[in-house]
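Counting convention: from 1, in listed order, for ligands and their atoms alike.
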Amino acid sequence: MDANMSRKESEMVKLLDREILTREVTEWKGLHLFHAHFSSCSQKVRLVLAEKGIAWQSHPIDLGANENISERYLGINPRGLVPALVDDGDVHIESNDIIFHLEDKFPQPVLIPAANRGEAEAILRAEDDLHLDIRNVTFHFLFETPAPPKSAKDLENYRRFGASTVAGEPDAQKEKEIRYWRTYGEQRVSQADARKSVAALGRAFAGVEARLADSDYLFGAELTIIDIAWFIYAHRMVLAGYPLAAQHPAMGAWYKRLSNRPGWATEITMPPPLAAVIERHQQRLTKEGHSITQVCGMTAAG
Ligand SMILES: N[C@@H](CCC(=O)N[C@@H](CS)C(=O)NCC(=O)O)C(=O)O
């Protein structure tokens, strides 16, 4: 993402009415979230909803079955990504934009303090920029799909369905996603790329660690959206076998504290079949000398 772009220009946000091709949602009242259980961006939004005590209706999208690139879902989010929020018939996409929308509409409890709003935007932008790294880590150290998860036909439909603009502008994001899936289908995530992604996330975590040197939360004494966002990435890395507490001790303690917060356990509890898939994959990696700690030269303790 271009560092000079503002959030509005870069992440855009609310769809124009003509871009909502699945028309039924324009009639919906209240808050509806399209999301997936094991999606970091969905987790972030669900934790915001939980912390604010907001009632919402759940519309799970099965990423494994490519429901996100069905004609119906592309008619709701032309980028084919979760989450998407429908609020009284308006469609908001991009998790960070959804969060700012929720903060403005439901200001209590405050998750984005007014004094930190600009900084929070910048941090969330940096976090969003690491999304591909989180994907690389996930698809290398958590599981690896034996067959390409999206066939050539799936990708053709991905390109074909859904509006060609987002918030009135031609949108390059969908093509980027298609390229990612084509490359992943051909070569998966190489060990070298996975290692680079772990290093990028480790550098970001060092910044988080520094913030925790003299406060319980990242903006001081109270939980904010920034804690939620980094918690989700920390959790994904822990699942990948990253020794969080050994690498970043203050962050390890913060992670443990947040894990015990009411309502957060559901976000970090893995459905048993998925937990079993991850465990099997990691046992194989370890046996081959390719686990995250072996590949990145870290001690496994922690
Ligand atoms: N920048 C987007 C990223 C959304 C995103 O990439 N979502 C992932 C799940 S975390 C997704 O929908 N992946 C589609 C797939 O796996 O096919 C946001 O913050 O909402």
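When only modelled atom types and interatomic distance are considered, His248 and Tyr242 share a side-chain donor-acceptor pair under 3.5 Å. In the model, Trp264 has a side-chain atom that pairs as donor or acceptor with a side-chain atom of Glu51 under 3.5 Å. When only modelled atom types and interatomic distance are considered, Thr286 and Gln294 share no side-chain donor-acceptor pair under 3.5 Å. Judged by distance alone, the side chains of Asn136 and Tyr180 do bring a donor and an acceptor atom under 3.5 Å apart.
Listed for the Ser95 side chain is no donor-acceptor partner under 3.5 Å among the backbone atoms of Val45. Side-chain atoms of Tyr255 do not come within 3.5 Å of backbone N or O of Leu244 as any donor-acceptor pair.
Protein residues are said to neighbour a ligand when one of their heavy atoms lies under 4.0 Å from it; for ligand 1 these are Ser39, Ser40, Cys41, Leu63, Asn68, Leu81, Val82, Pro83, Glu94, Ser95, Asp128, His131, Arg135, Lys150, Trp181.
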